[in-house]
2 protein chains.
Amino acid sequence: MPSGRRGQFSLGTPLLQIAQSLGVDIDSVCGGRGICGRCQVECAEGNFQKHQIVSSKSHLNELTAAEKKYSEKRKVLAENRRLSCHTLLQGDVVIDVPPESQVHKQIVRKEADLRDITLDSTISLHYIDVEEADMHNPKGDMQRLCEALKLEWELSDLEFDLNLLQKLQPILREGDWKVTAAVYDGKRIVDVWPGFKEKVYGLAIDIGSTTVAAHLCDLHTGEVLNSGSLMNPQIRFGEDLMSRVSYVMMHPEGAGEMTEAIRSGLNKLIEQIVAEIDIPLDDVMELVMVGNPIMHHILLGINPVELGGAPFALATDSAVRTRASDMGITINSGGMIYVLPCIAGHVGADAAGVVLSEEPQLQNEITLLVDVGTNAEIVLGNKDWLMACSSPTGPAFEGAQISSGQRAAPGAIERVRIDPLTKEPRFQVIGSELWSNEAGFEESIKKIGVNGICGSGIIEVIAEMYLAGIISKEGVIDGDLATINPRIIPNDRTFSYVLYDDGSGRPDRVISVTQNDVRQIQLGKAALYAGVRLLMDKMGVTQIDRIRLAGAFGSHIDVKHAMVLGLIPDCPLDNVASAGNAAGTGARIALLNKASRNTIETVVRNIEKIETAVEPKFQDYFVGAMAFPHDTDPFPNLFAVVTKPPEKEKRAEEPVEGSRRRRRRRG
Amino acid sequence: MPSGRRGQFSLGTPLLQIAQSLGVDIDSVCGGRGICGRCQVECAEGNFQKHQIVSSKSHLNELTAAEKKYSEKRKVLAENRRLSCHTLLQGDVVIDVPPESQVHKQIVRKEADLRDITLDSTISLHYIDVEEADMHNPKGDMQRLCEALKLEWELSDLEFDLNLLQKLQPILREGDWKVTAAVYDGKRIVDVWPGFKEKVYGLAIDIGSTTVAAHLCDLHTGEVLNSGSLMNPQIRFGEDLMSRVSYVMMHPEGAGEMTEAIRSGLNKLIEQIVAEIDIPLDDVMELVMVGNPIMHHILLGINPVELGGAPFALATDSAVRTRASDMGITINSGGMIYVLPCIAGHVGADAAGVVLSEEPQLQNEITLLVDVGTNAEIVLGNKDWLMACSSPTGPAFEGAQISSGQRAAPGAIERVRIDPLTKEPRFQVIGSELWSNEAGFEESIKKIGVNGICGSGIIEVIAEMYLAGIISKEGVIDGDLATINPRIIPNDRTFSYVLYDDGSGRPDRVISVTQNDVRQIQLGKAALYAGVRLLMDKMGVTQIDRIRLAGAFGSHIDVKHAMVLGLIPDCPLDNVASAGNAAGTGARIALLNKASRNTIETVVRNIEKIETAVEPKFQDYFVGAMAFPHDTDPFPNLFAVVTKPPEKEKRAEEPVEGSRRRRRRRG
């Protein structure tokens, strides 16, 4: 059990051998020598009607010397546990193989609608007895190693690098010709250790333009043992992607500098993560990485300049497998790197990671995956058809180009509510649990202050302004309301809404939403919506069943307010959620399950890539999407739960030049 | 012609296409674009009874614009020559494909008994039109390159390194999407150049313990364009192999130092060789190397210490294919290195090179291949059976441990004759054409002087001493002869033979052969002979048909004198010859013909390796071989052309301890 496989075997047969001949999934590194303890099983007691046998421990041999030795020298065998390699059949038994004894364990994922990860890493460990060098039978030590791997593990035609050849001989002798070999993908010996070696590790790394996050996994248990992150060191070359590409255009040596920056940053991060839990760097055998196309190219040492302008040509649209040493990444000297494939010039390996994590290709429902950044990466579809595009949303959602915008940090306004009658706001800032109208709020923010509005705050305040009738459907702040609430103040030819005033009288301390702020958000959300509509149009669908928002921004915004703005299309609100760091999860899946690499490579190859820049309809969709939530689309699901504000009559001087402006790709 | 293939084709078909569909071997880099000029053919004129057709140039289209352009822009087309890719069939023709238009050209080797080399290098050049990057069809540039190679050259599933990915995009654009790709072994893209690229090169390198010799070959013509050599920089760590291994044993860091020394030496040598004929280093795509096991290991960065003592275990007994960059060798950034396989712990890749060059595995005659060094590498056999062993001959043959011994250099005695009656010698020194008894000799050597005896000189003088009856069969210098010739002088309990005295009266200027010199040569030649006899014994043969002496020493010694000493077994003298630098030739063959690599790998795998150190019979053979030419073996072939000196009665005090001494392996 649990496989339910059964058979008849001659008495005295070891249980491990029985399991293997029945094709039961059971682990072993030492090849039945009673060293690794991976093949532990339990014998069930009692009369099993279902199998029509009486199972009893007495139908097995006594605990052997090898098992006792294992219990002394390594981990104590739990009650009822046996090493199946040393347990001999002596009668009818029902044998349970506990999950941790299976090679292909399931790693449970919380999200109800997602499949668990099946553990099956590219790196396998094999303990072997190598034939000793002998004058009567002259042969290369490497050939002896390969013969042992073939004889004991049926691994043949193995490749190896020069560096392994260079270190092999002393290792064989140090281990007295007993060594553990690490084999990559059943094809290539990547390292050899003297004696028995049990644990190796891998890292899943998400290289964001702002933040690099890494998770260290035990390749045997799949467990995440430690995580860490660092600010992307490339930031000194430019805050957003496009400014980094421009830097390269102006400084030919810039690309190399940025590659060097991210690689040395990675080396520091990796070193720190393993050091924190006392794991030798040399035991890290593989890295799996995701990132947007520009991060992807710079990481690989490819000048990203082609991605800065049409036709946005990728150097490669396939996954990249390479030796860590070829990238100057210091892990095990034979360590490997796998980089997920980019989908298109502006839809990166991070989006591929999101797809691998969310698996829209397995579902009937039409799923929309959106990663909002200066360029939104958009994937739409289901098991029949997947499409992808990117849309130049601009930096507004990251708080840039917003008068009071700031990064999500203590003191930033992140939640806002506005009373439809009084137009009075209440808000929450990062660092305090209290709403601004609750007692003790001023006290709670004394240290951090109220410094600006972060991305999610901007979404909420503008959505609330629209719902409270302060902004018209077309996005115009209604100056007439200045008479009923002093928070609406004139500002040149337009008006602003004052969200917070610390009373210091200093204008720079006043946090308000200007007409231009609204316009920036409109431009951004219109671009995003237009991209989605374009894909819906291509696919001939009018309704989306399920929406997942990926990335840091996506995990913080309130989906209802996002929909009120028309940032995302209409959809049952219960089916809209954050995907968390889905890109990073995708990297982890690719690290722990080698089959998933072929899966994502195939899926990515079959995704239909749409380039919004050459789609004439994009501009029309863009214009229609400037309004809140949309000029013509009705948003029935949304307004079933949200009261639609009364329509105002269109004002003559409603400025529209912004909406007509052709937007430049932001890279 | 010359393939004799024939067929019927519709008028207007290009001759290149016809040739290819007939399976005629014809070259092309540009894929029929009339750029490379590799596919040139000639049309025969006249009535061909044999083919029953009348062939005429008038049955082909006129010289095309493309061909004229080729003649202007590149090489002028010779009279009657056409570019077959632009020549259209318009009637009956007999077409000659000149040798230089064939892919698999024959490279003629002088030696009558050796096959020519068929040119078929691992590197092929392919000119292609790559589909331009296009927003409507987003795709990686690398994928476009691979598609073009598949479409135009049927090359699929090509691998490539990260460094190619890094440089590809600017190259595609610089070449306006027309590029030439270099493909390694049909499997791997190693470099790409903008536009049309015609010539790439390779180097065949023989890494001797004393000298490193390299030959630069044009991979298209097979021609050796330049050669060069340098003193092996490892000499500063020890003159002979064993002293270098001892250095490593005493200095752990020594191995790394020696690897660094040979690699930087190689880089200098390669740089100089290409610079001399103005070839960019970047156009060198591959190196093929041979060397004895210790040179082989040190070159690859493998500590040779295991080769210094039993069981003399090789790190690998297979050929090594690796990227030049992995070995710190600076040629083309994608350049490759192929190192021939070692045969056994003391029979190296240099011996494998000799086998590849001499091809004993193809012959009916029993061939003996000997490379004399401090360890003699011995291969014996024919098409049915090949065996190999090494024998600790010691440094005597290189002039070391010989009282007047020296390297082969100006002033060294290299030829000697002794009058059987008068026991008077005459000799030649390196640097003069005259014999010492000829008029003008003193004049001719005034500058260089007479400084010592080189290896080949030692062989001759001792052989002549034996033939002149100065030395007994057992190797004892006959003191009784002092009475008839003052050149025989007492020396402790033994005697010496004075070969040259400059009359200065300074003993250190007297060049003589001492009893110990004779003993050293006996020990060396006996070891070599014993090794050969051991193999003959194993193989059950009593007669050798053909002997080839490889290496510098082998190419200088006089085979008759060598046989008189019993350095080599009895054999018809006409069938004994020097193989020249056969190891280097083997490397050149492996460089120019990729199939030969599989050949030598298979042959080496099947060679039976004999370890003399563990063969009890070796010692008996060794003792029997101490005598000149041998204690019991009759040497009929030799004494059919050479007068055997009269036997002397054995002397009581004939010292034999030397012959009984167990000899230590010299590495």
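Note that the structure is predicted; figures quoted are calculated from it, not measured. In what follows, chains are A, B, ... by sequence order, proteins preceding strands, each numbered from 1.
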Measure distances from [X] to the heavy atoms of chain A and classify the residue's part below 4.5 Å as side chain, backbone, both or neither.
| X | result |
| --- | --- |
| L162(B) | side chain |
| D134(B) | backbone |
| R173(B) | side chain |
| T322(B) | side chain |

To the nearest 0.5 Å, tell me how far [X] [atom1] sits from [Y] [atom2].
| X | Y | atom1 | atom2 | result |
| --- | --- | --- | --- | --- |
| W385(A) | I607(A) | CH2 | CD1 | 13.5 Å |
| T330(B) | R263(B) | OG1 | CZ | 12.0 Å |
| L380(A) | D537(A) | CG | CG | 11.0 Å |

Run the numbers on E377(B) and D350(B) for side chain to side chain contact (heavy atoms under 4.5 Å, CB included), then give the verdict. CA-CA 9 Å; E377(B) 301 183 325; D350(B) 48 359; 2.9 Å; yes

Top contributor to chain B contacts, counting heavy-atom pairs under 4.5 Å, from [options]:
| options | answer |
| --- | --- |
| R323(A), K167(A), K139(A) | R323(A) |
| M135(A), M142(A), H297(A) | M135(A) |
| N303(A), L300(A), L168(A), T259(A) | L300(A) |

Side-chain ion pair, R144(B) and E132(B), N-O less than 4.0 Å: no

Against chain A, work out which of [options] has the most heavy-atom pairs shorter than 4.5 Å and name it.
| options | result |
| --- | --- |
| C342(B), G301(B), P341(B) | G301(B) |
| P311(B), P170(B), A133(B) | P311(B) |
| A315(B), P138(B), A313(B) | A315(B) |

Where does [X] contact chain B at under 4.5 Å (heavy atoms): side chain, backbone, both or neither?
| X | value |
| --- | --- |
| L165(A) | both |
| D326(A) | both |
| R321(A) | neither |

Any donor-acceptor pair under 3.5 Å linking the side-chain atoms of W177(A) with those of E131(A)? no

Any side-chain donor-acceptor pair under 3.5 Å between Q143(B) and S318(A)? yes

Other residues, nucleotides, ligands: >12 heavy atoms within 6.0 Å of N606(B) CG: yes

Is the shortest side-chain heavy-atom distance between I189(B) and D161(B) below 4.5 Å? no

